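Notes follow once the structure below has been shown.
All heavy atoms count here, side chains included; hydrogens, waters and symmetry mates do not. All of these numbers come straight from a predicted model, not from anything done at the bench.
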Amino acid sequence: MPHHALENMLTRPLTPSELRHAARAWPLAANHDATRLMVLISAKTPDRAARRLRRCLHAQVPIDVITTHYPDISGQILHNVALPPATRTLLTAAAHRAQQKPERFLELAVRRALAKHADQEADRLDQAVRHLLAHTTPAHLLSSAVGHALTRLPEGATL
């Protein structure tokens, strides 16, 4: 059975005793402030691995989000989020109205939101560049860029 690397983002840092207790259940690695954990789980699919991890560590660790650490073949990363019951009820009702499974409904909603954000960010950057070009001469822009580059040399670099 394959192993899946899962990253767990926690709602708060773990105490040393909580970390020791969780490490007895699964071999894991914590980041410097114990707000993220890495775990290797043996399971047929990443989704099963995430559900298994959440089920086993739920009572020991304040898990917020579990993600696969590496993208799958199509470049996707799994996000496993435990929703409060009221939120789950609203999501299920909205998915039912759209004649979709809740997981698919949420996936499409997140994709739409990310696409909208990317479009808005591209528009914002485009407007900023247009404003810069409209109010700056090419010579001033070039001299500013060179001055910026020269004042921010990498460590250890010399002229």
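- When the ring pair (Phe, Tyr, Trp, His ring centres under 6.0 Å) test is applied to H140, no partner is found at least two apart in sequence or on another chain.
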Between V81 and L106, does a side chain to side chain contact (heavy atoms under 4.5 Å, CB included) hold up when you go through it step by step? CA-CA 11 Å; V81 181; L106 187 58; over 6 Å; no
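- The closest side-chain heavy-atom distance from L91 to P102 is below 4.5 Å.
- The only member of Q120, Q127, E121 that meets side chain to side chain donor-acceptor pair (under 3.5 Å) when paired with R124 is E121.
- Considering only heavy atoms from C-beta on, V39 stays 4.5 Å or farther from I66 through its side chain.
- Formation of a donor-acceptor pair under 3.5 Å by the N8 side chain with backbone atoms of I63 is not found in this model.
- Separating the CD atom in E7 from the CG atom in L28 is a distance of 12.5 Å, to the nearest 0.5 Å.
- Note on M9: it does not cluster hydrophobically with V61, by side-chain heavy-atom contacts below 4.5 Å among ILVMFWY residues.
- Counting heavy atoms from C-beta on, the side chains of R24 and Q60 never come closer than 4.5 Å.
- Closest of all the heavy-atom pairs between A34 and L10 is O-CD1, 3.5 Å.
- The hydrophobic clustering, which links ILVMFWY residues whose side-chain heavy atoms are closer than 4.5 Å, places F105 and L83 together.
- Rounding to the nearest 0.5 angstrom, the gap separating the NE2 atom in H117 from the CG atom in D119 is 10.5 Å.
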Passes side chain to side chain contact (heavy atoms under 4.5 Å, CB included), M1 versus R48? Steps please. CA-CA 12 Å; M1 200 171 314; R48 286 184 180 183; over 6 Å; no
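- Contact annotation: the side chain of L78 never approaches that of T45 to less than 4.5 Å [non-hydrogen atoms, C-beta and beyond].
- The cluster map of Ile, Leu, Val, Met, Phe, Trp and Tyr, joined by side-chain heavy atoms under 4.5 Å apart, puts L108 and L114 in different clusters.
- To the nearest 0.5 Å, atoms CD (Q100) and OG1 (T92) are separated by 12.5 Å.
- Looking at heavy atoms from C-beta onward, W26 lies in side-chain contact with R52 at the 4.5 angstrom threshold.
- Between P62 and L14, the shortest heavy-atom distance links the atoms CD-CD2, 3.4 Å.
- Looking only at distances, no side-chain donor or acceptor of H79 sits under 3.5 Å from a matching main-chain atom of V65.
- A donor-acceptor pair is defined here as one N or O able to donate and one able to accept, closer than 3.5 Å; such a pair exists between the side chain of T151 and the backbone of H148.
- Side-chain atoms of Q76 and P71, non-hydrogen and from C-beta on, never get closer than 4.5 Å to each other.
- Nearest approach of P46 to T68, heavy atoms of both residues: CB-CG2, 3.6 Å.
- Taking hydrophobic clusters as Ile, Leu, Val, Met, Phe, Trp and Tyr residues chained together by side-chain heavy-atom distances below 4.5 Å, L142 shares a cluster with L150.
- For L57 against A25, the heavy-atom pair with the smallest separation is CD2-CB, 4.1 Å.
- R54 CZ: more than 12 foreign heavy atoms inside a 6.0 Å radius.
- Taken from CD1 in I41 to SG in C56, the straight-line distance is 7.5 Å, to the nearest 0.5 Å.
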